[in-house]
Structure formats: C-alpha cells, structure tokens
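Everything numeric in this text was worked out from a predicted model, so none of it was measured. Note that the numbering runs from 1 along the sequence shown for the chain.
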Amino acid sequence: MLNNVMLLIGITLMYATPLVFGALGGVISERSGVVNIGIEGMMTVGALAGAAVSFYTGNPWIAFLCAGVAGGVFALLHAVAAVTFRADQNVSGIALNMLGPGLALFLARLMWDGGTQSPSIETLPKIFGRGAFAGTPWANLNVDVTVVFGIIAAAVVWFVLYKTKWGLRVRAVGEHPAAADTLGINVSRTRFICVVLSGVMAGFGGASITLAIISQFTQTAVAGQGFIALAAVIFGKWTPHGAFGACLLFGMAQALVIILGGGVVPIPSEILAIMPYILTLVVLVLFVGRSVAPKADGVPYEKGSRG
C-alpha cells in the first residue's frame, strides 16, 4: 500500500512540475496586467532549447538554464507587441502558440537530419531512487531534481510578489496602472520585465519535460500543457500558491491515468488519455466565474490615461 502511495506521489510531482513553471509564468505576467496565453509556445521553445543544448554539450544543467533564456527571448515578442505597441494581448499570445511549435519543428529538422524528434539526451538527476533509499518505499518517489526547483520557484515568486517592494509595484501595475504611474512607477518597464520573466519560467517548464520526463524532444512533448498551466492560473486565483495547488491537482489526474492504465481498472485507453483535459474543462467551467483577475489584466496602458 505504501509503495503505491509513494508511486502516486512521485508521478504526481513529476507531471505537475512543468505545469508549475508554466503557471508561475502566467501569474507573474498577469499580475502585472498582461494576459499571456502564449505559455504553450514558450514552453515548446524551452523544451527544444533544453534538448538541443543537452544533446550538443552533454550537460543538462547548462541546458536547463539555456531553456529559460530561450523562453525569455521568445517572450520578448509578446512583450514588444503587448506592452510597447499595445497590441491585442490575446491575439499576440495565439500567434506565439502557433509560431513556437512551428519554429521548434523547423529547427529540430535542421539539427537532426530532417527528424522531428531528438535522439536520447543527458537528463537531470533524480532524487530518492538511488543510494540509501534503494529497496525502500521512498524509492518509488524517484522524483526529478526539477521538482525541487519548481517548489523553490513557487516559494520565491510568492515571497517576491507579497513581501517585497518590487512585488507590490507589480501588483499595483496590474490593479491600477494609472495610480501606479502617478507614484513614479514605470508601468511599461514593469510589465515588460514581467512578460520576459514569464517566458523564462515557461522555458524552464518545457525543459522539465525534455530533460526529466521524456529524455528527448518530440513533436508532442508539450502537448497542451501550457493551456493546462493557464487553467491552473485561473483556478489558483492568480496567486502563486493557488496555482501551485492547482498544478498538483492536474498532475494527480495524469498520475491516475498512468496508474489506472496499468490494468488496475478496465478503462479504455482513449478515455484515460483525455482525462486531464476533461478535468481542465470542468475546473474552468466551475471556477472561472468565481475567480477575479487583476483589474487591469489584458488592458493596454497608455501613459496619461485613466486605465
């Protein structure tokens, strides 16, 4: 029994971690007033960057950092469109979700002789599964080190948003940018930085998939997890701790799919495959009306306006 519980927890944490990074990116961006539905595209770019750097350098640690950089650079497109040119933020995010996977596949074909997936790559280490824990129930946890990074990232984002002066400015910009502007806060710069940071987080989320879960880049590596991360942002009421809890819920749904798919319960595989997405829709239907976004979320700001 304990072995099964540890296995469930381990799989939950493994699949929740990419969502945690993506959701934290969404929280950072939207608390500053910029809707970022381009998390999916940013995660895909990060997933490719992580796999490519690990393949060519053999160092997954450098690859993980490079994935964050790649996600941040890709997020610059959204920052320029949404903040600098005050374009429709939803349209910009959709464009990134179309551009990201397409760009990733194009670059993958160039790097791997026309193939859309990479060879096996060096991955980040796991925790518990080896050494003194071998042969004990704790070995079934076998979680990746990215799980620890995700927990630390959630704690850091919470601390910065609620316990620092810069976090107060971010929340002020997202709630009432005109008032923040009168206090000398540079609204555009704050939003620009937050959008780029959201891309960095999304890049880490993509790398958590390729460098920890599947050990390679594939066309379906991200497979909608960016959108599930956005659902976690809404379900978590645009807070880091709420989004973290929502990601654990979605991760548990994926874990149950894997465990039930092992033949424990005779459920068709097609039904099991769509369970996480069904849960996402149910959560959005039940909670989206009760969650209140930052007041200026999605509203472009022009200096001197009352928005």
Side-chain angles (χ1 to χ4, degrees), residues 17-53 62-104 107 146 149-150 152-154 156-157 160-161 166-167 170 173-174 188-211 217 221-222 224-233 238 240 243 247 297-298 300:
T17 299
L19 302 179
V20 168
F21 282 115
L24 290 176
V27 168
I28 293 170
S29 179
E30 301 209 14
R31 289 309 299 242
S32 72
V34 180
V35 173
N36 187 0
I37 63 175
I39 295 294
E40 176 87 2
M42 298 174 191
M43 288 182 70
T44 305
V45 170
L48 173 71
V53 174
I62 295 177
F64 187 76
L65 294 176
C66 289
V69 172
V73 171
F74 194 64
L76 278 172
L77 298 175
H78 187 49
V80 170
V83 180
T84 305
F85 294 106
R86 295 185 291 277
D88 188 292
Q89 296 169 12
N90 291 317
V91 173
S92 176
I94 292 172
L96 291 185
N97 286 336
M98 298 175 66
L99 178 61
L103 178 63
L107 294 176
T146 51
F149 294 162
I152 293 174
V156 169
V157 171
V160 171
L161 281 180
W166 190 77
V170 170
V173 165
S188 296
R189 182 174 63 190
T190 301
R191 288 184 168 182
F192 201 97
I193 292 172
C194 286
V195 173
V196 173
L197 287 177
S198 74
V200 172
M201 285 293 180
F204 288 151
S208 297
I209 299 172
T210 53
L211 294 176
F217 174 81
V222 177
Q225 294 191 60
F227 297 111
I228 298 178
L230 288 176
V233 173
W238 287 268
C247 291
D297 194 22

Side-chain heavy-atom pair Val35, Ile37 within 4.5 angstrom cut-off: yes
Candidate pair Met201 and Val20, rule side chain to side chain contact (heavy atoms under 4.5 Å, CB included), full reasoning: CA-CA 9 Å; Met201 285 293 180; Val20 168; over 6 Å; no
Any donor-acceptor pair under 3.5 Å from Glu40 side chain to Gly224 backbone: yes
Minimal non-hydrogen separation, Phe217 against Thr44, with atom names: CE1-O, 4.1 Å
Test log, rule side chain to side chain contact (heavy atoms under 4.5 Å, CB included), inputs Leu99 and Leu77: CA-CA 11 Å; Leu99 178 61; Leu77 298 175; 3.9 Å; yes
Stepwise side chain to side chain contact (heavy atoms under 4.5 Å, CB included) test for Val200 and Phe21: CA-CA 9 Å; Val200 172; Phe21 282 115; over 6 Å; no
Separation of Leu103 CG from Leu48 CG (nearest 0.5 Å): 7.5 Å
Atom pair SG (Cys194) and CG (Asn36), whose distance is rounded to the nearest 0.5 Å: 11.0 Å
Non-hydrogen side-chain atoms of Asp297 and Val34 separated by less than 4.5 Å: no
Distance in Å, Glu30 CD paired with Gln89 CD, rounded so as to fall on 0.5 Å steps: 8.5 Å
Heavy-atom pair of closest approach, residues Asn97 and Ile39: OD1-N, 4.1 Å
Pairwise side-chain contact, Phe74 with Val69, heavy-atom cut-off 4.5 Å (strictly under): no
For Pro300 against Arg86, the heavy-atom pair lying closest together: CB-CB, 3.7 Å
Heavy-atom side-chain proximity of Leu161 to Pro240 below 4.5 angstrom: yes
Shortest non-hydrogen separation from Ser92 to Ala81 and the atoms involved: OG-CB, 3.7 Å
Flag, side chain of Thr17 to backbone of Gly150, donor-acceptor distance under 3.5 Å: no
Ser188 side chain near Thr84 side chain, heavy-atom distance below 4.5 Å: no
Backbone N/O of Ser29 and side chain of Ser32: donor-acceptor pair under 3.5 Å: yes
Closest approach of Gly226 to Val222 (non-hydrogen atoms, all atoms of both residues): N-CG1, 4.1 Å
Gap between atom SG of Cys247 and atom CG of Leu24 - 0.5 Å precision: 7.0 Å
Heavy-atom side-chain proximity of Met43 to Pro18 below 4.5 angstrom: yes
Note, His78 side chain near Met42 side chain (heavy atom, < 4.5 Å): yes
Nearest heavy-atom neighbours spanning Cys66 and Val53: CB-CG2, 3.8 Å
Test item: Gln225 and Ile209 side chains (from C-beta on) under 4.5 Å apart, heavy atoms: yes
Mutual orientation of the aromatic rings belonging to Phe204 and Phe64 [parallel < 30°, tilted 30-60°, perpendicular > 60°]: parallel
